[in-house]
> 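Below are the structure tokens for one structure; questions will follow.
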Amino acid sequence: MSVSEQVCDACAARFSAIDAKVECARCGGLLHIEHPEPPVCSTALQALFDARLVPSRGPHGVSPHDSGVWRFRELVMPGVGDAEIVSQGEGITPLLSRPRVAQWAGAEDLLLKHEGHNPTGSFKDRGMTVALTQAKRIGATAVACASTGNTSSALASYAALAGLRGLVLVPQGKVALGKLSQTIAYGAQTLLVRGDFDDCLRLARESSEHLGVYLANSINPWRLEGQKTIIFDLLQQLRWHSPDWLVLPAGNLGNTSAFGAALREALRLGLIDTVPRLACVQAEGSAPFAASFREGFATRHTVRAETIATAIRIGDPASYDRAVRAIQETNGVVLSVTDDEILEAKAVIDASGVGCEPASAASVAGTRALVRDGTIARGARVVALLTGHMLKDPEVMLHYHRELFPAPTHANRSIEIDATLADMERVLRTAPATA
Ligand code: F0G
């Protein structure tokens, strides 16, 4: 046999690998697949598989070399020993090209850097692996954070890995279901604060100062050291050539600050020759940074934040000053998009098979707005950051697709049927609604 075949378990009838039937055409038995013998011996086969696993993963958990954070350890926490590192293989995230998303955004050369592929489903793992490694180094016994949900999921997971007590403060009723469930299940003590994120952060800072818990919010410098690796990882994927634009959703401005620092460092070290322009995208109801940008950063604004993208529902961003520097140094821009624009962008990203949480889609909605107003040239190389996984917020997603008045442009309705062939036939006769 020189090609793969489908073979019946019951009567051993053989069918071509591209035969469409999934059961035996002769006797109705179940099929299995038989492959030709590999053309090389077992040692050569092992060598082939091993070569593809670079660097190699040991049998005793994840080696720090398998992490897209600790791969850059000289720029993150030089001198740290392998045994000190609290890691679970974070930071191995894809850079994706999705023509339908690019077409919708009007940016011909759009790539999506998907940080939702991290172990807990958001970019926060990159900062948290470093913060918890540091917490252990300094002998902390408890770590705490305020969060709109993703930081709390990451803290809960990494605290469990490190064997430390984790405490999270989240705004009651304003955390997406996926994030809240993760945080509770990973075992962190979850405090539902009667207030918003800005109240949570104030309380977390006070508790850290007066009660001695180690604060793992993005004001913690080690968190940002980890988040810098989004940039290093991305630049490495682009063979150390900066894109023209890097578009990211912005809330507390930790990422914006980390990106500014990473680009500054990469340029200084000669890893790249030019830096991309940063474009920070906020949700319209939570856009104090965009308001400051419009005034040339003359005033620092705060707002009472509201948006469907709960991850970025932040009215008083903590890393404001560092983020201003990042925008100024990269000749960047800050803008806001509406919740409807975010939801439409999300539906397009989701339907491309990639998927992301609402806040993440702000980057693609922002890209579209910037192409439309001529800030971003159509042919420019743009990387939009997707910060979180689509399962983080199932409620918003289902609501969008079920909404009737008005029906959203890209809604994909589920169809209830009886378990009959007639109903199936009826469904197949109608073309699916296309976005
Ligand atoms: N996207 C997602 C999915 C987020 O969870 C966050 C922040 C951001 C974007 C904005 O990043 O704050 O660095 O400007 N989430 C924080 C949290 C606040 O608590 O999970 P930022």
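Positions are given from 1, in the same order as the sequence printed here. Indexing begins at 1, ligand by ligand and atom by atom, following the structure's order. Predicted model, so just to flag it, every value in this text is computed and none were measured.
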> May I have the step-by-step check of side chain to side chain donor-acceptor pair (under 3.5 Å) for Gln134 and Asn220, ending in yes or no?
CA-CA 10 Å; Gln134 174 69 2; Asn220 179 323; over 6 Å; no
> Ignoring hydrogens and geometry beyond distance, is a side-chain donor-acceptor pair present between Glu90 and Asn118 at under 3.5 Å?
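The criterion, which ignores hydrogens and geometry beyond distance, is not satisfied for Asn118 and Glu90.
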> Would you mind telling me if ligand 1 is within reach of the side chain of Thr256, the backbone, both or neither, using heavy atoms under 4.0 Å?
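No part of Thr256 is near ligand 1 at this cut-off.
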> Counting only heavy atoms, which portion of Lys392 has something under 4.0 Å from ligand 1: side chain, backbone, both, or neither?
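No part of Lys392 comes within reach of ligand 1.
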> List every atom of ligand 1 that sits less than 4.0 Å from any heavy atom of Ile312, numbering the atoms from 1 in the order shown and giving each element.
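It comes down to these atoms of ligand 1: 8 (C), 9 (C), 10 (C).
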> Which ligand 1 atoms are under 4.0 Å away from a heavy-atom of Ile314?
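Every atom of ligand 1 under 4.0 Å from some heavy atom of Ile314: 18 (C).
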> What protein heavy atom sits nearest atom 11 (O) of ligand 1, and how far off is it?
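It is Phe123 CZ, 3.7 Å.
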> Counting non-hydrogen protein atoms only, what is the nearest one to atom 2 (C) of ligand 1? Give residue, atom name and distance.
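Its nearest protein heavy-atom neighbour is Thr387 OG1, 3.4 Å.
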> Heavy-atom contacts under 4.0 Å between Leu248 and ligand 1: side chain, backbone, both, or neither?
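Under 4.0 Å from ligand 1, Leu248 contributes no heavy atoms.
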> What protein heavy atom lies closest to atom 20 (O) of ligand 1? Include the residue and the distance to one decimal.
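Residue, atom and distance for the closest contact: Thr151 N, 2.8 Å.
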> N/O to N/O below 3.5 Å, does that happen between Gln227 and ligand 1?
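Checking ligand 1 against Gln227, no N or O pair falls under 3.5 Å apart.
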> Using a heavy-atom cut-off of under 4.0 Å, does the side chain or the backbone of Glu357 touch ligand 1, or both, or neither?
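The side chain, only.
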> What residue and atom, counting heavy atoms only, is the protein's closest point to atom 7 (C) of ligand 1, and at what distance?
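Heavy-atom neighbour on the protein nearest atom 7 (C) of ligand 1: Lys124 NZ, 3.1 Å.
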> Measure up the Phe297 and Tyr320 rings against each other and bin them: parallel (under 30°), tilted (30 to 60°), perpendicular (over 60°).
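The rings of Phe297 and Tyr320 stand perpendicular, inter-plane angle above 60°.
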> Looking at atom 5 (O) of ligand 1, what's its closest protein heavy atom, distance included?
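The closest one turns out to be Asn150 ND2, 2.8 Å.
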> Can you tell me which residue and heavy atom of the protein come closest to atom 4 (C) of ligand 1, and the distance to 0.1 Å?
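For atom 4 (C) of ligand 1, the nearest protein heavy atom is Ala311 CB, 3.6 Å.
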> With respect to Thr93, which candidate in Glu115, His114, His117, Gln237 satisfies the side chain to side chain donor-acceptor pair (under 3.5 Å) definition?
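Single pass found, and it is Glu115.
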> Tell me whether Gly254 has any N or O atom under 3.5 angstrom from an N or O of ligand 1.
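Yes - when backbone and side-chain N and O of Gly254 are compared with those of ligand 1, one distance drops under 3.5 Å.
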> Take every heavy atom of Ala250, measure it against each atom of ligand 1, and state whether any distance is under 4.0 Å.
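Yes.
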> Is it true that Arg126 and Asp233 have a side-chain N and a carboxylate O under 4.0 angstrom from each other?
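Judged by the 4.0 Å cut-off on N to carboxylate O distance, Arg126 and Asp233 do form a salt bridge.
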> Considering only non-hydrogen protein atoms, determine which one is nearest to atom 13 (O) of ligand 1 and report residue, atom name and distance to 0.1 Å.
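For this ligand atom, the closest protein heavy atom is Asn255 N, 2.8 Å.
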> Please verify whether a non-hydrogen atom of Asn217 lies at under 4.0 Å from ligand 1.
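False for this residue.
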> Looking only at protein heavy atoms, identify the closest one to atom 12 (O) of ligand 1 and say how far it is in Å.
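Sorting protein heavy atoms by distance from atom 12 (O) of ligand 1 puts Asn252 N, 2.8 Å first.
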